[in-house]
> 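Here you go, one structure.
The analysis underlying the following values was restricted to heavy atoms, covering all of them including side chains, and did not include hydrogens, waters or symmetry mates. Just so you know, residue 1 is the first one in the sequence shown, and it goes up from there.
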Amino acid sequence: MVAALAFAASPLTSDGFSGFTPGQFPIPQVDPPVQPAGYAFAIWGLIYAWLIAGAGFGLLRRDTDPGWRAMRPALLVSLAIGAGWIPVANIAPVYATVLIWAMLLAAVVALLRAGTGDRAWLRTPVALYAGWLTAASCVALGLVLAGHGVLGPQVAALAMLALALAIALAVQGLRPDTPEYAAAVIWALVGVIVANAAPANVAVLALSGVGIALLAWQAWRGATRQ
């Protein structure tokens with residue numbers, strides 16, 4: 001509960017974060033194709049609120065429940081890292097990228113360990129959090145790769161979209177009872193489509209569209225089998 005509150009308060013107790021700025025990279029990244037449209041980041045408000053609500057419910061009603069206790073250590077690690085992520089991101093994108101991948105790994109472990117009960121309080125907030133981190137970590141890595149000249153912006157975008165899709169399909173396959181994870185990744189992919197619609201970046205639009213279709217199909221198939 002403390003970690004969830006600290007994580008949600010981090011934008012208020014720091015300078016805030018609206019994305020890496022072009023000047024943070026040796027090769028400035030202006031309108032990078034890997035990055036979703038700005039509105040997509042509003043999902044953080046929902047994630048913060050739901051994580052706090054879920055943590056509160058778990059604290060008061062499920063303090064010894066095995067399905068909750070199994071996932072708590074991993075979620076605690078992810079949220080604790082996240083509570084200090086914004087100050088790092090504002091000064092050191094490379095280190096911030098390493099940290100967000102650590103957050104993702106811990107969040108996925110938490111999701112896979114979460115029990116099958118209390119879907120709205122337990123699995124849903126963790127799934128939305130892990131799903132958005134899947135996209136956000138790949139976006140961060142794409143920006144770092146392009147910003148340091150390892151890959152061009154277009155190649156970095158396509159590679160990271162493919163990586164995000166591969167991770168998402170694997171995680172959704174391991175947790176078919178929680179389509180909310182896929183929904184968060186789909187939200188990010190729709191944001192990428194919006195950001196690349198005008199002028200049309202055909203390759204990015206096509207890959208994002210295929211990703212949305214595959215994730216939606218997998219999530220639907222998993223949900224109907226429960």
> Between W68 and D63, is there a donor-acceptor pair closer than 3.5 Å when you use the side chain of the first and the backbone of the second?
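Side chain of W68 to backbone of D63, a donor-acceptor pair under 3.5 Å: no, none is there.
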> Starting from the C-alpha separation in whole Å, work towards a yes-or-no answer on side-chain contact (heavy atoms from CB on, under 4.5 Å) for M103 and Y129.
CA-CA 10 Å; M103 291 167 62; Y129 175 55; 3.6 Å; yes
> In Å and rounded to the nearest 0.5 Å, what is the CZ to CG distance from R61 to D118?
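Rounded to the nearest 0.5 Å, the CZ-CG separation comes to 9.0 Å.
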> Can you tell me if Q24 uses its side chain to pair, donor with acceptor, with the backbone of T21 under 3.5 Å?
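Side chain of Q24 to backbone of T21, a donor-acceptor pair under 3.5 Å: yes, one is there.
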> For R175, is there any backbone N or O sitting under 3.5 Å from a side-chain donor or acceptor partner on R123?
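No; zero donor-acceptor contacts below 3.5 Å.
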> What's the verdict on side-chain contact (heavy atoms from CB on, under 4.5 Å) for V34 and V192, showing C-alpha distance, side-chain angles and the deciding distance?
CA-CA 7 Å; V34 73; V192 171; over 6 Å; no
> Write out all pairs satisfying ring pair (Phe, Tyr, Trp, His ring centres under 6.0 Å) with one or both partners inside residues 90-124, taking only residues at least two apart or from two chains.
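Ring pair (Phe, Tyr, Trp, His ring centres under 6.0 Å) check on residues 90-124 returns F57-W121.
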> First locate atom CG of N201, then atom CG of L207, and finally report the distance between them rounded to the nearest 0.5 Å.
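Rounded to the nearest 0.5 Å, the CG-CG separation comes out at 10.5 Å.
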> Return the minimal non-hydrogen interatomic distance between N196 and P33, and the atom names on each side.
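The answer is ND2-O, 3.0 Å.
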> Find out whether R72 and L76 are in side-chain contact, i.e. whether some heavy atom of one side chain is under 4.5 Å from a heavy atom of the other.
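When only atoms from C-beta onward are counted, L76 and R72 do not touch, as no gap falls below 4.5 Å.
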> Would you find a donor on one side and an acceptor on the other, under 3.5 Å apart, between the side chain of S10 and the backbone of G84?
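Judged by distance alone, no pair lies under 3.5 Å.
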> Taking all heavy atoms of I193 and all of L205, pick out the closest pair and write down the distance.
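Heavy atoms only, the tightest pair is O-CD2, 3.5 Å.
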> Do V94 and H148 make a side-chain contact, defined as non-hydrogen atoms from C-beta onward lying under 4.5 Å apart?
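In short, these two side chains touch, coming nearer than 4.5 Å.
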> If I take atom OG from residue S137 and atom CG from residue L99, how far apart are they, to the nearest 0.5 angstrom?
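Atom-to-atom, S137:OG and L99:CG are 12.0 Å apart.
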> To the nearest 0.5 angstrom, please state how far the CG atom of L111 sits from the CG atom of L174.
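Between atom CG of L111 and atom CG of L174 there are 9.5 Å.
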> To check you understand the geometry: which heavy-atom pair defines the closest contact between A40 and G191, and what is its length?
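Where A40 meets G191 most closely, the heavy atoms are CB-CA, 4.3 Å.
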> Please tell me if the side chains of V185 and Q172 come closer than 4.5 Å, counting only heavy atoms from C-beta onward.
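V185 vs Q172: side chains apart.
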> Using only atom types and a distance under 3.5 Å, with no angle test, would you say the side chain of Q218 pairs donor to acceptor with the backbone of L169?
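The answer is yes, because a donor-acceptor pair under 3.5 Å joins these two groups.
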> Any donor and acceptor pair, going by atom type alone, linking the side chain of Q29 with main-chain N or O of L143 inside 3.5 Å?
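The answer is no, because no donor-acceptor pair under 3.5 Å joins these two groups.
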> Kindly give the heavy-atom pair with the smallest separation between A8 and I52, and that separation in Å.
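Result for this residue pair: CB-CD1, 3.6 Å.
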> Of all the heavy-atom pairs spanning A89 and A96, show the shortest one and how long it is.
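Scanning both residues completely, I find the closest heavy atoms to be CA-CB, 3.5 Å.
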> Just say parallel, tilted or perpendicular for the rings of F7 and Y48, cut-offs at 30° and 60°.
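Perpendicular: the ring planes of F7 and Y48 meet at over 60°.
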> Applying side chain to side chain contact (heavy atoms under 4.5 Å, CB included), can you list everything that pairs with A37, at least two apart in sequence or on another chain?
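A37 satisfies side chain to side chain contact (heavy atoms under 4.5 Å, CB included) with Y39, V194, A195 once adjacent residues are dropped.
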> What are the two closest heavy atoms between R119 and D177, and how far apart are they?
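For R119 versus D177, the nearest heavy atoms are CZ-O, 4.1 Å.
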> Roughly how far, to the nearest 0.5 Å, is the CH2 atom of W132 from the CG atom of L46?
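The CG atom of L46 sits 11.5 Å away from the CH2 atom of W132.
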> Should the heavy atoms of other residues, nucleotides or ligands under 6.0 Å from CG of D31 be counted, would the total exceed 12?
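No.
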> Using side-chain contact (heavy atoms from CB on, under 4.5 Å), reason through V144 and F25 one step at a time and then give a plain yes or no.
CA-CA 7 Å; V144 167; F25 301 100; 4.1 Å; yes
> CG/L104 to OG/S78 distance, rounded to the nearest 0.5 angstrom?
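It comes to 8.0 Å.
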> Measure from the side-chain N and O atoms of W50 to the backbone N and O of A120, and report whether any donor-acceptor pair falls under 3.5 Å.
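Judged by distance alone, yes, a pair lies under 3.5 Å.
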> Test side-chain contact (heavy atoms from CB on, under 4.5 Å) on T178 and T124; report intermediate values, then the result.
CA-CA 7 Å; T178 312; T124 296; 5.5 Å; no
